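Written below as structure tokens is the structure these notes are about.
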Amino acid sequence: MAIEDDVLVVGGGLAGAMAALSAADANDDARVRLVTYKQSTLRQASGLIDILGYTPAGEGPLVDPFDALESLPTGHPYERVGSEAVRDALAFFDEIAGDAYAGGHTNANALVPTHGGTVKPTARYPASTAAGLASDDRDALLVGFETLPDFDAPLAAAHLEAAGVPFDARGVTVPFPGIVRDDAKVTRYAHLLDRDETVTTGAGETGAREALATTVRDHLEDESRVGFPAVLGDDDADGVRAELADTLEVDVFEVPMGPPSLPGIRLEELLYGALEDAGVRVTSGVPVVDYETGANGSDEHIDHVVVDRNGTEIPHRADQYVLATGGLVGKGVRSERDRVFEPIFDCHVPHTPDRYDWFVDDVFGDQPYARFGLAPDRELRPVDATDEPEFVNLRAAGAVLGGYDYAAEKSGAGVSIATGYVAGKRAAEVVDR
């Protein structure tokens, strides 16, 4: 017997979570399920929500990303859903995120310093980064830790200065109280501060928060804000940051880090908590390995998919499906020597037959493979080589879509949110109850 749902979302990243939440919101009676194979890619993400930082032609950073949406080329995911849908999707995300994210007061991009000393234009950002915006002219001290080599604070500060930020940036590297090994996970730093564990310092035993503040206080000069790598707590991140700020008598902010990312983990926890509150069923650790058509007597209508649960094949049947399995990096799109393909439903991926046309020699050039993905119609249904929908009850969202270069445009999270929102909403609206 197949497990029955109304909307089945395949993929547990940002696009998949947004699709499931949107479907549940659009149709209170719909039974919505999300199935995901591996741990969410959100844990590898910065936690920043970018809409559009640069145009496809490389112009930017953009002040107002919405100004550029109307001029995007045909086939870009934003062009497929329309600018109003992008706004609606972002408003929906704001409702879910609540006070955990900032930036909703304006259409303008914020400029957020990253751990490499670059400045990223982004539409929404964790509240923990708010005091560190590059548009703020207050001087900043960046603090790195000896056991966390991923964040070289002096180098990041030098890069920010070279980028022309309107403040003086200075970086220092200090020991992190209670951690002596450089292979400690970022969650170890966070939990030590969450629990305010007792640590031993040269002055004796004290709480981890006080020990860290004492270490940093010795390096403060005239700066009115201090930036730390994004490890300042998980369960009590707001409390950790507030206590450090009170003790140091400066504003404290986090600098987004590379993977694994605590802001990404926090975003995952926020979204999966919202899925539970919305009544979405989540099935984890099960890859979709096959599908069958023939529903309603049509080969263009998916009847059910098959998941592999510890070697047992289990059918999942739904009225509508959303594919949100990621792009080339997430293996939602795959390539072989002679073809590029989508591995679950074998949907058409536009590409030239000559694999040497898939890339250019300039590593920093405009790489064709960066835009590989499914081509959707305006309902976000993947289309075949003749521009006809592959399946009438399948929609796609997020990085599995083609027609854009999310890394160059700084549009990855925004496309996932917008297309996930639209795909889930439209799937739920046409559910046959």
Side-chain angles (χ1 to χ4, degrees), residues 14-15 18 45-91 93 103-104 106-114 116-125 133-135 159-160 162-165 256 326-329 333 350-352 357-378 380 396-422:
L14 181 56
M18 288 297 296
S46 67
L48 300 175
I49 303 300
D50 42 20
I51 296 298
L52 190 67
Y54 297 84
T55 69
E59 299 166 350
L62 299 175
V63 175
D64 185 339
F66 295 99
D67 278 348
L69 294 186
E70 302 297 337
S71 59
L72 291 174
T74 300
H76 193 290
Y78 285 146
E79 184 271 336
R80 297 284 86 182
V81 301
S83 59
E84 284 307 309
V86 179
R87 291 181 183 273
D88 291 344
L90 197 56
F93 173 83
T106 176
N107 285 335
N109 275 326
L111 298 176
V112 178
T114 69
T118 61
V119 177
K120 183 177 183 180
T122 188
R124 300 291 187 271
Y125 44 93
L133 297 186
S135 55
H159 284 173
L160 287 173
V165 294
L328 283 168
V329 174
V333 175
H351 63 282
T352 60
D357 292 333
W358 301 353
F359 59 90
V360 296
D361 291 336
D362 181 3
V363 68
F364 297 109
D366 185 10
Q367 300 289 350
Y369 67 78
R371 292 182 169 80
F372 283 170
L374 307 185
D377 64 13
R378 295 193 184 280
L380 293 182
V400 74
L401 297 173
Y404 76 116
D405 183 344
Y406 67 86
E409 296 173 5
K410 308 303 180 191
S411 61
V415 166
S416 290
I417 287 174
T419 57
Y421 171 81
V422 171

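Predicted model, so just to flag it, every value in this text is computed and none were measured. If you read the sequence from its start, that first residue is 1, and numbering goes on from there.
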Evaluation steps, side chain to side chain contact (heavy atoms under 4.5 Å, CB included), between R378 and E79
CA-CA 9 Å; R378 295 193 184 280; E79 184 271 336; 2.5 Å; yes
Listed by chain and number, what are the salt bridge (charged side-chain N to carboxylate O under 4.0 Å, His left out) partners of R80, not counting sequence neighbours?
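Here no residue qualifies.
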Plane angle bin for Y404 and H76 - parallel if under 30°, tilted between 30 and 60°, otherwise perpendicular
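Rings of H76 and Y404: tilted, 30 to 60°.
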Smallest separation among heavy atoms of [X] and [Y], with atom names:
{"X": "L380", "Y": "P376", "answer": "CA-CB, 3.8 Å"}
{"X": "P121", "Y": "P61", "answer": "CG-CB, 3.8 Å"}
{"X": "P350", "Y": "G373", "answer": "CD-O, 3.3 Å"}
{"X": "A396", "Y": "L374", "answer": "CB-CD1, 4.0 Å"}
{"X": "L48", "Y": "Y125", "answer": "CD2-CB, 3.9 Å"}
{"X": "G414", "Y": "I51", "answer": "CA-CD1, 3.8 Å"}

Does some side-chain heavy atom of [Y] sit less than 4.5 Å from a side-chain heavy atom of [X]?
{"X": "F372", "Y": "L328", "value": "yes"}
{"X": "V112", "Y": "P256", "value": "yes"}
{"X": "D405", "Y": "P56", "value": "no"}

Can you spot which of V422, V415, L69 makes a side-chain contact (heavy atoms from CB on, under 4.5 Å) with V86?
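Result: among V422, V415, L69, L69 is the only option passing the side-chain contact (heavy atoms from CB on, under 4.5 Å) with V86.
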To the nearest 0.5 Å, tell me how far [X] [atom1] sits from [Y] [atom2].
{"X": "S416", "Y": "M18", "atom1": "OG", "atom2": "CE", "value": "9.5 Å"}
{"X": "L401", "Y": "T419", "atom1": "CG", "atom2": "OG1", "value": "5.5 Å"}
{"X": "L160", "Y": "T118", "atom1": "CG", "atom2": "OG1", "value": "8.0 Å"}
{"X": "N107", "Y": "F66", "atom1": "CG", "atom2": "CZ", "value": "5.5 Å"}
{"X": "F359", "Y": "Y369", "atom1": "CZ", "atom2": "OH", "value": "9.5 Å"}

By the side chain to side chain donor-acceptor pair (under 3.5 Å) test, which pairs, at least two apart or in different chains, include something from residues 47-63?
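Output for this query lists D50-K120.
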Check: [X] side chain, [Y] main-chain N or O, donor-acceptor pair, under 3.5 Å:
{"X": "N109", "Y": "L52", "answer": "yes"}
{"X": "Y78", "Y": "A68", "answer": "no"}
{"X": "T122", "Y": "I49", "answer": "yes"}
{"X": "H159", "Y": "G116", "answer": "yes"}

Mind running side chain to side chain contact (heavy atoms under 4.5 Å, CB included) on Y421 and V81 for me, showing each step along the way?
CA-CA 10 Å; Y421 171 81; V81 301; over 6 Å; no
So V400 and V333, side chain to side chain contact (heavy atoms under 4.5 Å, CB included) or not? Walk me through it.
CA-CA 6 Å; V400 74; V333 175; 4.0 Å; yes
